[in-house]
Amino acid sequence: MSVPPFAHVESESVEVSRPAEGVALIRIGSEPLGVLRQGVKRALFAALARLESDATVRCLIVTGNGRAFSVGSDVREFQRDAAWQSQAATNDQGFNMAIEHSRLPVIAMCNGLTLGGGNELAIACDLRFGARSARFGFPEVRVAAFASAGGTQRLPMLIGAGRAMDLLLTGRIVDAEEALAIGLIDFLVEDEELEGRTLTLATELAALPADAVHITKRCVTTGLREGRAAGHALEDQLTVELGLTEDAAEGQAAFLEKRVPRFNRAARRDPAGA
């Protein structure tokens with residue numbers, strides 16, 4: 001995974017920790033409210049690249065700090081320059097695509113305001129937990145912009161075209177209960193339970209055989225992005241690859257012997273170049 005050419009790194013704005021075996025957590029700590037300056041985006045991309053190369057990491061949580069997951073890009077950085085805007089768009093798309101293509105299941109732990117580019121980051125993740133106090137939206141249209149970091153594509157697939165149009169065209173902000181009702185988040189939990197509940201699921205995912213988890217994610221995202229035909233073709237290919245692994249043999253043997261399987265937790269390799 002190559003790191004895009006941002007101007008500088010703000011690594012102090014991104015904290016990486018290991019809260020449980022097999023689980024990594026990236027915390028967006030930039031002020032104010034987890035704003036995604038270009039340097040913060042570079043730090044996020046670099047952190048993801050390091051975790052991808054660490055075979056002991058099998059699940060990733062992305063979260064914010066204080067009152068916000070992230071409120072998106074810093075308007076004060078915007079330049080009325082075509083080259084700058086083109087590079088910024090490439091950077092935004094690149095990081096969210098890196099999450100989508102990651103071998104890791106990625107969980108967005110939305111602790112507060114999740115807006116604009118922050119919400120586009122969240123919907124690029126595989127699963128989303130929302131704290132009851134969290135708020136969600138895509139308000140870019142209100143400053144003559146739009147959800148250009150994949151929001152116009154991922155949101156309709158996630159919540160349906162009509163509901164996506166509502167949020168994207170009006171820029172309105174919804175509370176966590178409505179976000180759950182329309183499918184924008186997958187789990188709604190009380191604020192004080194957010195970290196514990198998210199970590200429980202992440203730990204469960206990290207305990208599963210890494211290749212099977214990665215292949216499952218790869219097939220789902222390929223089908224959504226490229227259509228069912230591409231998804232079915234990849235299923236056929238990866239069924240053979242996974243079926244020949246030691247983990248597959250161990251899973252079958254453990255089932256027949258009625259015992260707990262002893263899987264190799266690290267990913268064998270990157271199936272199908274994903």
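Index from 1, following the sequence.
- By the 4.5 Å heavy-atom criterion applied to side chains, K41 and S73 are counted as neighbours.
- Cluster annotation: L184 is not connected to V141 through the hydrophobic network of ILVMFWY side chains, with a link wherever side-chain heavy atoms come within less than 4.5 Å.
- Within the model, atoms CZ of F129 and CZ of F187 stand 4.5 Å from one another, a figure rounded to the nearest 0.5 Å.
- Considering only heavy atoms from C-beta on, H101 stays 4.5 Å or farther from K217 through its side chain.
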- Pair D191-S133, side chain to side chain donor-acceptor pair (under 3.5 Å): steps then yes or no: CA-CA 7 Å; D191 288 29; S133 65; 2.5 Å; yes
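- Crowding of M97 atom CE: a count of heavy atoms from other residues, nucleotides or ligands under 6.0 Å exceeding 12.
- Residues G112 and A134 share a closest heavy-atom pair of O-CB, 3.4 Å.
- With E100 contributing its side chain and A124 its backbone, the two residues share no donor-acceptor pair below 3.5 Å.
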| task | Determine, step by step, whether E177 and L180 satisfy the side chain to side chain contact (heavy atoms under 4.5 Å, CB included) criterion, reporting the C-alpha distance in whole Å, the side-chain angles of both residues, the deciding distance to 0.1 Å, and the verdict. | result | CA-CA 5 Å; E177 289 192 7; L180 178 67; 5.9 Å; no
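- No donor-acceptor pair under 3.5 Å is formed between the side chain of S70 and the backbone N or O of V35.
- Note that CD of Q85 is 8.5 Å distant from CD of Q79, once rounded to the nearest 0.5 Å.
- Counting heavy atoms from C-beta on, the side chains of I61 and R27 never come closer than 4.5 Å.
- Between S30 and V40, the shortest heavy-atom distance links the atoms CB-CG2, 3.8 Å.
- Ionic pairing of R163 and E178 is not present here: no N-O contact between side-chain nitrogen and carboxylate oxygen is shorter than 4.0 angstrom.
- With hydrogens and angles left out, the side-chain atoms of E52 and S102 include a donor and acceptor closer than 3.5 Å.
- Residue-environment remark: CZ (R259) exceeds the threshold of 12 foreign heavy atoms within 6.0 Å.
- Salt bridge annotation for R197-E190: absent, with no cationic side-chain nitrogen under 4.0 angstrom from a carboxylate oxygen.
- Under the 4.5 Å side-chain contact rule for hydrophobic residues, V106 and V14 share a cluster.
- Looking at R128, its side chain never comes within 3.5 Å of a backbone N or O of I185 through a donor-acceptor pair.
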Worked check of side chain to side chain contact (heavy atoms under 4.5 Å, CB included) between V189 and R132:
CA-CA 6 Å; V189 299; R132 187 167 295 278; over 6 Å; no
Requested in this report: Could you please spell out the steps behind the side chain to side chain donor-acceptor pair (under 3.5 Å) verdict for R18 and T56?
Outcome: CA-CA 10 Å; R18 298 290 296 273; T56 68; 3.3 Å; yes
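- Ring geometry, F78 versus W84: the interplanar angle falls from 30° to 60°, so the pair is classed tilted.
- Side-chain N or O atoms of E250 include none that pairs as donor or acceptor with a backbone N or O of F263 at under 3.5 Å.
- Each of D126, I107, L60, V23 was checked for a side-chain contact (heavy atoms from CB on, under 4.5 Å) with L205, and the lone residue meeting it is I107.
- From E226, atom CD reaches atom OG1 of T221 across 8.5 Å, with rounding to the nearest 0.5 Å.
- Rounding to the nearest 0.5 Å places CG of L208 at 14.5 Å from NE2 of H214.
- From L104, atom CG reaches atom CD1 of I99 across 10.5 Å, with rounding to the nearest 0.5 Å.
- Smallest separation of non-hydrogen atoms from P139 and L115: CD-CB, 4.3 Å.
- Formation of a donor-acceptor pair under 3.5 Å by the R142 side chain with backbone atoms of T170 is found in this model.
- Two different hydrophobic clusters hold L188 and M109 under the rule that ILVMFWY side chains link at heavy-atom gaps under 4.5 Å.
- Proximity of I215 to T239: side-chain heavy atoms (C-beta onward) are nowhere separated by under 4.5 Å.
- Under the 4.5 Å side-chain heavy-atom criterion for ILVMFWY residues, a single connected hydrophobic cluster contains both L127 and L25.
- Considering every non-hydrogen atom in both L48 and I26, the closest pair reads N-CD1, 4.3 Å.
- In this structure, E77 contributes its side chain and Q38 its backbone to a donor-acceptor pair below 3.5 Å.
- Note on L167: it does not cluster hydrophobically with I173, by side-chain heavy-atom contacts below 4.5 Å among ILVMFWY residues.
- Looking at F138 and I123, their side chains come closer than 4.5 Å, going by heavy atoms from C-beta outward.
- Here the CG-CD distance, from L168 to E140, works out to 8.0 Å after rounding to the nearest 0.5 Å.
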Intermediate values then yes/no, side chain to side chain contact (heavy atoms under 4.5 Å, CB included), R67 and L33: CA-CA 7 Å; R67 296 188 297 117; L33 301 174; 3.6 Å; yes
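- Residues T198 and E195 are not in side-chain contact: their nearest non-hydrogen atoms beyond the backbone lie 4.5 Å or more apart.
- The two residues C219 and L238 have their closest heavy-atom pair at SG-CD1, 4.2 Å.
- Of the possible polar contacts, none joining the N65 side chain to the I28 backbone as a donor-acceptor pair under 3.5 Å is found.
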Step-by-step side chain to side chain contact (heavy atoms under 4.5 Å, CB included) determination, R135 to V174:
CA-CA 6 Å; R135 297 293 182 269; V174 302; over 6 Å; no
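- Among all heavy-atom pairs drawn from G130 and F136, the shortest one is CA-CZ, 4.2 Å.
- In terms of modelled atom types and a separation under 3.5 Å, the side chain of Q93 and the main chain of S148 share a donor-acceptor contact.
- Here the side chains of L121 and F69 are in contact, with some heavy-atom distance below 4.5 Å.
- No side-chain heavy atom of D247 sits less than 4.5 Å from a side-chain heavy atom of L242.
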